[in-house]
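Before any comments, here is the structure.
Residue numbering restarts at 1 for every chain, and letters A, B, ... go by the order of the sequence lines.
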2 protein chains.
Amino acid sequence: MLNVPAKPKITVAVVEDDARVRQHMANILKRAPDVACLGIFSNAEDAVREIPQLRPMVVFMDINLPDHDGVWAVQQLSPRSLQTQVVMLTVHDDTDTIFNSLAAGASGYLLKPIQSAELLSAVRTVSSGGVPMTSNIARKIIQSFGNATTASVNSNREEMACLTAREREVLECLAKGYLYKEVAELLKISYRTVHTHIEHIYEKLHVRSRTQAVAMFFDQKHS
Amino acid sequence: MLNVPAKPKITVAVVEDDARVRQHMANILKRAPDVACLGIFSNAEDAVREIPQLRPMVVFMDINLPDHDGVWAVQQLSPRSLQTQVVMLTVHDDTDTIFNSLAAGASGYLLKPIQSAELLSAVRTVSSGGVPMTSNIARKIIQSFGNATTASVNSNREEMACLTAREREVLECLAKGYLYKEVAELLKISYRTVHTHIEHIYEKLHVRSRTQAVAMFFDQKHS
DNA sequence: ACAACAATCGGCAGTTCTGCCGACAATGGT
DNA sequence: ACCATTGTCGGCAGAACTGCCGATTGTTGT
């Protein structure tokens, strides 16, 4: 991160069947000065055949592929190119899929749609030995772990705890299905203030929509 | 005063008994402009007593401490400082130690010797809700997890009787916070079809918004 | 054969939400 | 006195959602 001259670029490959997403990722990676995208594949067969020759440091692997499962592709790749780190990139956040991927040798797990900053952060994280994953994914893993023994402390409950009383009031209204303007009426504040509270709630809970926040609210309530 | 967003520094504390390592980490953290190191401790007792007052966002906790186990320290700390994330920092990579640390409430697990980039990356990762750990650690967790547990995710009550199977699928996606376009990708159908299913769901459940439908979904699920 | 339904698509207007730029007053702690 | 936090507001652009007008293809039951 400091003044290190002549830093070799991080080599990357992408396996993704959706042309739109593929193009999107290519654009993001192309703009990064410290990243070199060696190849982009739309199916698992091509990827498994070509990637060992390209030897990228990082592979982003979609799970929904037309010919094979992304997990299958990881299993094929891992033994062959030991220096490659694989980051799964998918919409599935169920525990089974996550665990199968990681057990197959994946080094990270991110949920689509992925933001450009998130993607580049993942590239650098994984190339420096880290494990990029969203907080929700990590929480699933840790929670599953904690279930067997003691109480898991780092859960939704803790994220809820950092909400202020007013923010919790707003979130409860959202959980009942009220519109912004209805929340405003109920709490005797302006539409704009509801708006601001919700912005803060999203930031603190690391979510990007009302329904994600409500889902987390219910998870916490019934856990 | 406002033109520079006055980004608050990430506050950090370190618990580490080896003086050399302690100094090394202090130097690294001191050089980071966005990090403020509030305290460095050489034993667990001091750390457990002082850290709740300092309220750092991140604590790096060694496991080999002279007076107590680092896991013990985490257990003491977690209930008291809810906003603090703990990253274990140790030479032990055996499954039991990792397991116990995470169960005690740790948010991450890194192996010594730690590089400066790695340390700073971990600070930022954990302060933004992530979970720093090396890929080897993550794999160990996954593997040992795979032994004990089998997934039991699908507990769908068959109420919501009026909804068709497809509509319930869509509703479950909504309950996880997906956007229309994400549901479309997940179910391999078009945006417009998702739209139509949701119209039917709203009509059958007598609601007028996504969040109301999701609230009803959760009510049914947990009743 | 026909009706009813389920599942899949399209367009379009209007509403709602989200993100980002700001602001100000009150409070409490250092 | 100063700073951080909280709660309260405004505007605006773009994204997402909702509602309503359609449609075709199958399946199921009568």
Side-chain angles (χ1 to χ4, degrees), chain A residues 20 24 112-113 115-118 161-215, chain B residues 1-11 34 36 38 52-57 82-83 160-171 173-215:
Chain A
R20 211 179 20 132
H24 178 59
K112 291 192 285 190
Q115 306 300 315
S116 61
E118 200 179 350
C162 66
L163 296 183
T164 68
R166 199 57 161 167
E167 285 162 357
R168 270 191 294 272
E169 282 187 89
V170 173
L171 180 54
E172 283 182 36
C173 290
L174 291 189
K176 292 173 186 168
Y178 291 115
L179 303 177
Y180 282 25
K181 60 167 64 169
E182 294 171 334
V183 176
E185 258 186 65
L186 276 174
L187 300 183
K188 309 291 184 193
I189 54 182
S190 78
Y191 175 95
R192 192 54 186 76
T193 302
V194 175
H195 186 168
T196 302
H197 283 311
I198 289 173
E199 283 185 306
H200 294 157
I201 292 170
Y202 288 178
E203 191 183 353
K204 290 180 178 177
L205 298 186
H206 302 106
V207 297
R208 290 169 50 253
S209 80
R210 190 176 33 152
T211 317
Q212 286 176 340
V214 169
Chain B
M1 54 176 171
L2 287 174
N3 52 353
V4 177
K7 49 182 177 184
K9 290 190 177 187
I10 303 170
T11 52
D34 57 340
L38 300 185
Q53 271 73 50
L54 297 175
R55 302 186 70 77
M57 301 176 190
L82 291 177
Q83 314 228 6
M160 295 277 176
C162 48
L163 296 184
T164 68
R166 199 56 161 167
E167 284 161 358
R168 270 193 296 273
E169 282 187 89
V170 173
L171 180 55
C173 290
L174 291 189
K176 290 176 185 168
Y178 291 119
L179 304 177
Y180 281 26
K181 61 168 64 167
E182 294 170 338
V183 176
E185 191 183 344
L186 193 58
L187 301 183
K188 305 293 185 193
I189 55 182
S190 77
Y191 176 94
R192 190 52 185 79
T193 302
V194 176
H195 186 166
T196 302
H197 283 312
I198 289 173
E199 284 184 305
H200 294 156
I201 292 170
Y202 289 176
E203 190 184 355
K204 290 178 177 177
L205 297 185
H206 306 289
V207 297
R208 307 180 56 75
S209 82
R210 192 176 32 151
T211 316
Q212 286 175 339
V214 169

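Computed from coordinates, the K181(B) NZ to dC17(C) C1' distance equals 14 Å when rounded to whole Å. In this entry the distance linking CD1 of I198(A) with P of dT16(C) reads 14 Å, nearest Å. Remark: P of dG19(D) and NE2 of H200(B) are 12 Å apart, rounded to the nearest angstrom. We find that NE2 of H197(A) is positioned 15 Å from P of dT18(C), with the value rounded to whole Å. Look at CD on Q212(A): it is 10 Å from P on dT18(C), rounded to the nearest Å. Atom CG of L205(B) is separated from atom C1' of dG19(D) by 17 Å (rounded to the nearest Å). The distance between atom CD of E169(B) and atom P of dT8(C), rounded to the nearest whole Å, is 8 Å. Distance, L174(A) CG to dC17(C) P: 9 Å, rounded to whole Å.
Here H195(A) does not count as stacked on dC17(C), because the ring centres are not under 5.5 angstrom apart with planes under 30°.
Between L179(A) and K204(B), it is K204(B) whose nearest contact on DNA chain C lies nearer the 5' terminus. For R210(B) and I189(B), each mapped to the nucleotide of DNA chain C holding its nearest heavy atom, the one lying further toward the 5' end belongs to I189(B).
Out of dT18(C), dG19(C), dT8(D), the shortest distance to the side chain of E199(A) is found at dG19(C). Closest to the side chain of T193(A), out of dC9(D), dA16(D), dT8(C), is dC9(D).
Within the 4.5 Å cutoff, no side-chain heavy atoms of L179(A) are placed close to those of R208(B). The side-chain heavy atoms of R210(A) and Y202(A), taken from C-beta on, include a pair separated by under 4.5 Å. Proximity of L174(B) to E169(B): side-chain heavy atoms (C-beta onward) are nowhere separated by under 4.5 Å. The shortest distance between side-chain heavy atoms of K181(A) and V194(A) does not fall below 4.5 Å.
Distances shorter than 4.0 Å separate some side-chain N or O of Y202(A) from OP1 or OP2 on dT18(C). Considering only side-chain N and O atoms, R192(A) lies nowhere under 4.0 angstrom from the phosphate OP1 or OP2 of dG10(D). Phosphate proximity of dT16(C) to R208(B): absent, as no side-chain N or O sits under 4.0 Å from OP1 or OP2. At the phosphate of dG7(D), OP1 or OP2 sits under 4.0 Å from a side-chain N or O atom of T164(A). Applying the 4.0 Å criterion to OP1 and OP2 of dT8(D), one finds that T196(A) has every side-chain N and O outside that range.
Among the protein residues, S190(B) comes within range of the sugar-phosphate backbone only, with heavy atoms under 4.0 Å from sugar or phosphate atoms but none that close to a base. Residue contacts for Y180(A): at a heavy-atom cut-off of 4.0 Å it reaches a base atom on one of the strands shown. Across all strands, Y191(B) comes closer than 4.0 Å to base atoms (heavy-atom distances). Within 4.0 Å of S209(A), counting heavy atoms only, lie sugar-phosphate atoms of the nucleic acid but no base atom.
The shortest heavy-atom contact between G177(A) and S209(B) is O-OG, 3.9 Å.
Side-chain polar atoms of T196(B) and R192(B) form a donor-acceptor pair below 3.5 angstrom.
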